[in-house]
Amino acid sequence: MKTTWILAAALICRLAAAGEVWFVPGWRTGFSSRAGCVRILRDAYPGREVKVKSWDSRCVWPRALRNAEAYTDELFREIAALPESERRELVLVGHSIGGKIVLEVLSRLAVRGDRIDSAALLGAVVPCDSPRVAAAMRAVRFELLNVCNPGDWVLKYLYPLGNDPAAPLGYSGWISRDPRFHEAEADHHWSSFFNHFAYRYLEALAKMLDRLPPRIEVRQDAPHTPRPPADTLFWSDVEEFGAWRLQRHYDGRARILDPDGVRRAVGGMEAMRAAFADVKKHLK
C-alpha cells in the first residue's frame, strides 16, 4: 500500500512539473508532422510548454550534417544563456540526428557543470559506444531516456554508409550501469523505413514516462555518481523510511541508498541526515 501511494505521489509531482520541453527534430522531419509530434509531447509531459527547435535539415545528408553542427553551437549557447532556474526545469528531446544534437549539447553543458531537468534520445544517430552518452548523464538532474528500434531500416541500412562502424545508439541501445539511464523499444512489429518516423518513437517515449520510478533529488555533500553500492561491509543502517536507508560507515562517513540499493548520496553524517530528512518530506 505504501509503495502504491509513493508511486501515485510521484506521478502527481511529474504531472505538475513546470518548465519547457524542447523538441529537436531529425533530418527532413518535424515539418508536415510537427503538429502530431507536439500533441504527443504535450500529453507525455503535462503542464509543460512544448517548443519545436527547428533547424535547416531539408537538404542533402552531407549538408544536413554540417547544418546540424552549426545548430548544435546555437542551441548550446541558447541553453547556457538561460537563467539557472529555467535551465534546471528544461527537458530536451531529440529524434534521429536531433538526438545527436541533444547529446552533444548535453556533453558541453556537463563540462560547464550546468544541468537540465532530463533528456530523451529517440532513434539517435550516434554510435552506441559514444563517450558522450556517459558525459551527458552529468548534465541531467534526473533521467536520460533512450528509445531504440531494432526494426528501424534507416538506422540499419543507411546509418552505416559513411558513418562510424559501431552500431547506432538508436538501433541497438546502450549498455549502462547508471540507474538514471532508462531504455525502451519503439514498435517494430513490421520493419521498414517508416519505423524511423518521429511519432513512432514519441509514442514509445510517452509510454516509457509512465513507467519511470519516482523522482527524488537528493541533496549532495560530496562528489558523487549514482551507482549500485560496491560493498555492504562496514556499513550499518541508521534510519530507514519508505525502503530508503541512511547508513553509517565505520570511519564516520554516511550514505543514502534508494529502494533499489543504489547509492544516491555520500558525505558527512550531519549533511546526510539533513538530506535524508528531505527525502522523507518527498515521501510523506
Side-chain angles (χ1 to χ4, degrees), residues 14 17-27 29-30 34 37-55 57 67-126 130-148 168-170 173-174 176 178 180-184 186 198-199 201-206 208-209 212 215 217:
R14 188 180 294 278
E20 297 181 344
V21 177
W22 291 5
F23 175 55
V24 184
W27 181 41
T29 63
R34 176 180 297 175
C37 291
V38 170
R39 183 170 57 253
I40 295 173
L41 282 169
R42 283 175 177 166
D43 291 340
Y45 293 95
R48 294 181 181 268
E49 182 180 357
V50 177
K51 295 182 178 179
V52 178
K53 309 300 286 186
S54 297
W55 56 285
S57 67
N67 291 346
E69 291 180 3
Y71 185 67
T72 297
D73 296 335
E74 179 182 336
L75 185 62
F76 168 69
R77 289 193 298 269
E78 183 177 2
I79 295 174
L82 290 174
E84 183 181 1
S85 59
E86 295 182 20
R87 186 168 54 244
R88 284 171 56 86
E89 300 300 328
L90 178 64
V91 176
L92 289 180
V93 179
H95 169 246
S96 192
I97 193 173
K100 180 179 182 180
I101 292 173
V102 166
L103 196 62
E104 176 62 32
V105 168
L106 289 175
S107 65
R108 295 185 189 183
L109 289 173
V111 172
R112 285 170 45 98
D114 293 333
R115 294 195 299 167
I116 65 171
D117 181 280
S118 57
L121 309 175
L122 315 177
V125 184
V126 296
S130 172
R132 284 180 170 78
V133 179
M137 295 301 308
R138 300 195 300 271
V140 294
R141 296 168 54 208
F142 296 108
E143 61 271 353
L144 177 61
L145 310 179
N146 180 51
V147 182
C148 53
L169 176 72
W174 185 63
S176 169
D178 194 311
R180 296 182 302 136
F181 186 88
H182 304 272
E183 291 191 290
Y199 76 87
Y201 282 96
L202 286 168
E203 289 171 347
L205 173 63
M208 186 181 188
L209 287 169
L212 288 181
R215 278 184 162 192
E217 188 172 21

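Note that the coordinates shown come from a computational prediction; the quantities given were computed from them, not determined experimentally.
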Can you check whether Trp55 reaches Val24 side chain to side chain, under 4.5 Å on heavy atoms? yes
Could you work out, with salt bridge (Lys or Arg N to Asp or Glu O under 4.0 Å) as the rule, every residue matching Arg39, not counting sequence neighbours? none
Verify, without hydrogens or angle tests, whether Arg87 (side chain) and Ala80 (backbone) share a donor-acceptor contact under 3.5 angstrom. yes
Within the structure provided, determine whether Ile79 and Leu92 are in side-chain contact (heavy-atom separation under 4.5 Å). yes
Going by the rule side chain to side chain donor-acceptor pair (under 3.5 Å), which residues pair with Glu20 if we only count those two or more places apart in sequence or in a different chain? Trp22, Lys51
In this structure, CG of Leu202 is separated from CG of Leu41 (nearest 0.5 Å) by 5.0 Å
Acceptor/donor pairs from residues 101-108 side chains to any protein atom, 3.5 angstrom cut, sequence neighbours excluded:
residue, atom, partner, partner atom, Å
Glu104, OE1, Arg132, NE, 2.3
Glu104, OE1, Arg132, NH2, 3.3
Glu104, OE2, Arg108, NE, 2.9
Ser107, OG, Glu104, O, 2.7
Arg108, NH1, Asp73, OD1, 2.6
Arg108, NH2, Asp73, OD1, 3.1

Identify the two heavy atoms, one from Leu121 and one from Ala124, that lie closest to each other, and give their separation to 0.1 Å. CB-CB, 4.1 Å
Could you pull out all residues at least two apart from Arg138 that satisfy side-chain contact (heavy atoms from CB on, under 4.5 Å)? Ala110, Ala135
For the CG atom of Leu209 and the OG atom of Ser118, what is their distance to the nearest 0.5 Å? 8.0 Å
Specify the closest pair of heavy atoms between Cys148 and Gly173, including all atoms of both residues, with the distance to one decimal. CB-N, 4.1 Å
Which heavy-atom pair separates Leu109 from Ala139 by the least distance, and what is that distance? CB-CB, 4.1 Å
Glu84 CD to Arg115 CZ distance, which is reported to the nearest 0.5 Å: 9.5 Å
Tell me every residue that passes side-chain contact (heavy atoms from CB on, under 4.5 Å) with Asp117, counting only those two or more places apart in sequence or in another chain. Arg48, Glu89, Val91, Arg141, Phe142, Arg215
Starting at CD of Glu143, measure out to CE of Met208 and round the result to the nearest 0.5 Å. 8.5 Å
Walk me through it: do Leu205 and Tyr45 pass the test side-chain contact (heavy atoms from CB on, under 4.5 Å)? CA-CA 10 Å; Leu205 173 63; Tyr45 293 95; 4.2 Å; yes
Contact summary for Val147 and Tyr201, nearest pair of heavy atoms: O-CE2, 3.4 Å
Quick one: are Val52 and Pro25 in side-chain contact, heavy atoms under 4.5 Å? yes
Contacts of Pro83 meeting side-chain contact (heavy atoms from CB on, under 4.5 Å) (sequence neighbours excluded), chain-then-number -> Ser85, Glu86
For Lys53 and Leu75, the nearest pair of non-hydrogen atoms, with its separation, is CE-CD1, 4.2 Å
First locate atom CD of Glu69, then atom CD of Glu74, and finally report the distance between them rounded to the nearest 0.5 Å. 14.0 Å
Reported CG-to-OG distance for the pair Leu169 and Ser130, which is rounded to 0.5 angstrom: 8.0 Å
Closest non-hydrogen contact found for Leu82 with Leu90 is CD1-CD2, 4.2 Å
Within a strict 4.5 Å, meaning less than it, do heavy atoms of the Leu212 and Leu145 side chains meet? yes
